[in-house]
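A note on names: the letters A, B, ... follow the listed sequences, proteins ahead of strands, and every chain is numbered from 1.
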Amino acid sequence: MDLERPLPTPITPECRPYWEGARDGKLMIPKCRACGKPFMYPRVACPFCASRDVGWVQATGRGKLFSFEIAHQILNKAFKVKTPVVLAMVELEEGPRILTNLVGVAPDPKQIRCDMPVEVCFEKLTDQVSLPMFRPVGGGAR
Amino acid sequence: MSDLAKMRELSSSVCIVGVDESDELGTLPGKSQLSLHVEAITNAVRDAGLKVSDVDGIFTAGQHSPATIGEAIGVVPRYVDGTTVGGCSFIIMVGHAVLALHHGLCDVAVVSHGESGRSGVGVSPRRDTALPGQFEFPYGFGGAPTYFGLITTRHMHEHGTTLEQWAQVAVSTRKWAALNPKARNRDPLTVRDVLDSRPVVWPFNILNICLVTDAGGAVVLTRADRAKDCAKRPVYVRGAGEGSEHVMLTQMRDLTFSEATRRSGEKAFAMAGVKGTDFDHIMLYDAFTSGPPLMLEALGLAKRGEGVHFFAEGRSTPGGKLPINTNGGGLSYTHSGMYGIFPIIEATRQLRHECGARQVPNTKLSLVNGMGGMLSAAGTLVLSNER
Ligand SMILES: [Zn+2]
């Protein structure tokens with residue numbers, strides 16, 4: 001089967017719990033046991049206090065659309081989703097920001113606003129890999 | 001000695017004595033990336049009235065190491081620096097060269113750039129993609145516009161900046177390009193033209209985004225005592241500063257304010273003993289129309305959200321009160337990928353008063369600021385034709 005998107009690669013060891021969580025429909029994020037702050041992207045020391053005591057928690061999957069853009073062309077030939085596509089930065093309720101796609105909304109800057117509430121959904125790419133994406137809370141644009 | 005006194009001691013101890021581009025700029029399928037370096041270096045050394053064999057400090061960023069550049073020009077350097085933090089690396093390296101020259105670690109430094117950004121001749125792609133490959137590429141990110149667009153949208157949300165205001169940056173810059181025979185795009189441009197151009201990644205149309213060209217550029221520096229014997233009027237490096245905050249855009253602490261830029265400016269201004277209001281000429285790294293306004297905000301020259309006002313007719317434009325990007329910028333003159341060498345070249349030429357139709361009358365103090373990555377790293381220079 002031809003994939004519409006490049007698979008996340010290379011999945012590095014410190015990021016594996018994130019991708020295993022996504023496969024199971026859970027948004028897992030690292031959290032420092034020393035200072036209590038969650039963070040992204042996964043790394044072996046906390047970016048806030050440098051503690052090596054890092055664990056994982058399940059995020060609520062809620063957050064806000066911190067910023068977005070509408071891509072009319074994609075440079076990466078391995079990305080075959082029909083444009084326009086909404087590229088987004090979401091700020092999770094827990095604080096960390098991640099890049100993602102906003103789905104379930106018209107790719108129109110008049111329909112999308114920064115800070116609008118969003119929630120996670122997962123797009124299955126293979127049996128092993130699902131991608132966290134986000135949609136407006138309530139399922140659509142106002 | 002205090003930190004400030006130590007920095008002040010470096011101020012004006014070193015001069016830019018030679019600048020030039022590669023023989024040609026633009027679409028050059030017949031020239032390798034390495035050749036663009038070598039052309040620029042030989043041209044800039046000639047501009048200084050020096051010989052290539054005088055060069056003993058080599059500074060370069062990008063795919064080629066300073067060892068490769070030394071070998072290519074037949075020099076065994078006493079000092080090398082290959083700091084690569086994005087397109088501003090060359091601006092940062094001028095500061096590094098000041099240190100090395102001041103302390104006698106080398107006598108003639110060359111900062112060199114060559115990039116076959118358009119034609120890809122002699123280019124070996126080699127990138128660290130472990131993080132973007134997992135967290136960005138599966139979503140369609142990749143290529144600078146897909147990142148800088150997020151910064152720009154958030155700025156519009158927080159400050160009410162408009163597409164028309166970003167477009168005016170391109171219009172102002174094009175007016176300067178019209179006066180530069182080396183600029184690639186010199187036809188007149190209107191705000192409407194920018195708004196009607198092909199959409200790439202909203203909020204950017206194609207005319208909000210820099211050119212992609214093949215180009216080289218080099219800058220030659222030496223200590224102020226030796227600079228007097230060079231061919232052209234010396235340009236003093238009065239201040240230099242650098243900063244580096246993030247690489248991944250999700251790690252930028254404030255998406256509309258570059259901490260790297262702020263820090264680089266603060267250090268450069270302190271070393272030079274100047275304020276943001278002292279400059280009569282400004283060069284800013286314009287990979288996107290929204291870049292220069294955000295740089296002015298982070299440098300403290302403009303209030304947050306108000307950087308766009310600097311680009312109004314009669315301000316940044318030819319004949320205006322505070323000319324910005326007088327070579328025509330990455331938007332209209334040339335942009336090979338790592339653009340940072342070119343604003344240094346233009347500022348030096350302006351301060352030597354050798355710019356012909358685009359010369360800013362009586363300019364004395366020039367600000368050069370550039371970014372690496374997505375406002376991730378930054379370099380600032382304060383350059384002057386007076387000590
Ligand atoms: Zn911590």
> What part of Met248(B) is in contact with chain A, defined as an atom under 4.5 angstrom from a non-hydrogen atom: side chain, backbone, both or neither?
side chain
> Heavy-atom distances under 4.5 Å only: say whether Pro132(A) touches chain B with side chain, backbone, both or neither.
both
> Does Phe204(B) have any ring-ring contact (aromatic ring centres under 6.0 Å, His included) partners at least two apart in sequence or in another chain, and if so, which?
Phe288(B)
> Could you look at Leu249(B) and say if it's the side chain, the backbone, both or neither that has a heavy atom under 4.5 Å from chain A?
both
> With respect to chain B, which residue among Ile74(A), Val85(A), Leu131(A) yields the maximal number of heavy-atom pairs within a distance under 4.5 Å?
Leu131(A)
> Give every donor-acceptor pair between chain B and chain A closer than 3.5 Å, one pair per line, or write none.
from, atom 1, to, atom 2, distance (Å)
Gly133(B), O, Thr9(A), N, 3.1
Gln134(B), OE1, Thr12(A), N, 3.4
Gln134(B), OE1, Trp19(A), NE1, 3.1
Gln134(B), NE2, Pro10(A), O, 3.3
Gln134(B), NE2, Thr12(A), OG1, 3.0
Pro138(B), O, Arg5(A), NH1, 2.8
Tyr139(B), O, Asn101(A), ND2, 2.9
Tyr139(B), OH, Pro132(A), O, 2.6
Leu150(B), N, Glu69(A), OE1, 3.0
Leu150(B), O, Ser67(A), OG, 2.6
Thr153(B), OG1, Phe68(A), O, 2.7
Arg154(B), N, Ser67(A), OG, 3.4
Arg154(B), NH1, Phe66(A), O, 3.0
Arg154(B), NH1, Asp115(A), OD1, 2.8
His157(B), NE2, Asp115(A), OD2, 3.0
Arg198(B), NH1, Gln73(A), OE1, 2.6
Val200(B), O, His72(A), N, 2.8
Trp202(B), N, Ile70(A), O, 2.8
Trp202(B), O, Ile70(A), N, 3.1
Gln251(B), OE1, Arg43(A), NH2, 2.8
Gln251(B), NE2, Met40(A), O, 3.0
Met252(B), O, Arg97(A), NH1, 3.3

> Between the side chain of Asp286(B) and the main-chain N/O of Gly330(B), is any donor-acceptor distance below 3.5 Å?
yes
> Which answer fits Pro132(B), side chain, backbone, both or neither, if we ask what part of it has an atom under 4.5 Å from a heavy atom of chain A?
neither
> Below 4.5 Å from any heavy atom of chain B, which atoms of Ala78(A) appear? Answer side chain, backbone, both or neither.
neither
> Quick one: does any side-chain atom of Asn325(B) pair with a main-chain N or O of Thr173(B) as donor and acceptor, under 3.5 Å?
no
> What residues, two or more places apart in sequence or in another chain, satisfy ring-ring contact (aromatic ring centres under 6.0 Å, His included) together with Phe342(B)?
His113(B), Tyr333(B), Tyr339(B)
> Looking only at atom types and distance, does a side-chain atom of Ser89(B) sit under 3.5 Å from a main-chain N or O of Gly86(B), one as donor and one as acceptor?
yes
> Just so I know, are the side chains of Leu27(A) and Phe122(A) near enough to count as touching, which here means a heavy-atom distance under 4.5 Å?
yes
> Hey, which of Gly143(B), Gly133(B), Pro138(B) has the most heavy atom pairs under 4.5 Å with chain A?
Pro138(B)
> Would a distance-only check, ignoring hydrogens and angles, find a side-chain to backbone donor-acceptor pair under 3.5 Å from Arg174(B) to Gly328(B)?
no
> Can a donor-acceptor pair be found, under 3.5 Å and without considering hydrogens, that links the side chain of Glu242(B) to the backbone of Gly379(B)?
no
> Report the residues that fulfil side-chain hydrogen bond (donor to acceptor under 3.5 Å, both in side chains) with Asn369(B), sequence neighbours left out, ordered by chain and then residue number.
Thr380(B)
> Can you name the closest pair of heavy atoms from Ser258(B) and Ala298(B) and give their distance?
O-CB, 3.5 Å
> Using a cut-off of under 4.5 Å on heavy-atom pairs, state which of Val200(B), Ile151(B), Leu255(B) scores highest against chain A.
Val200(B)
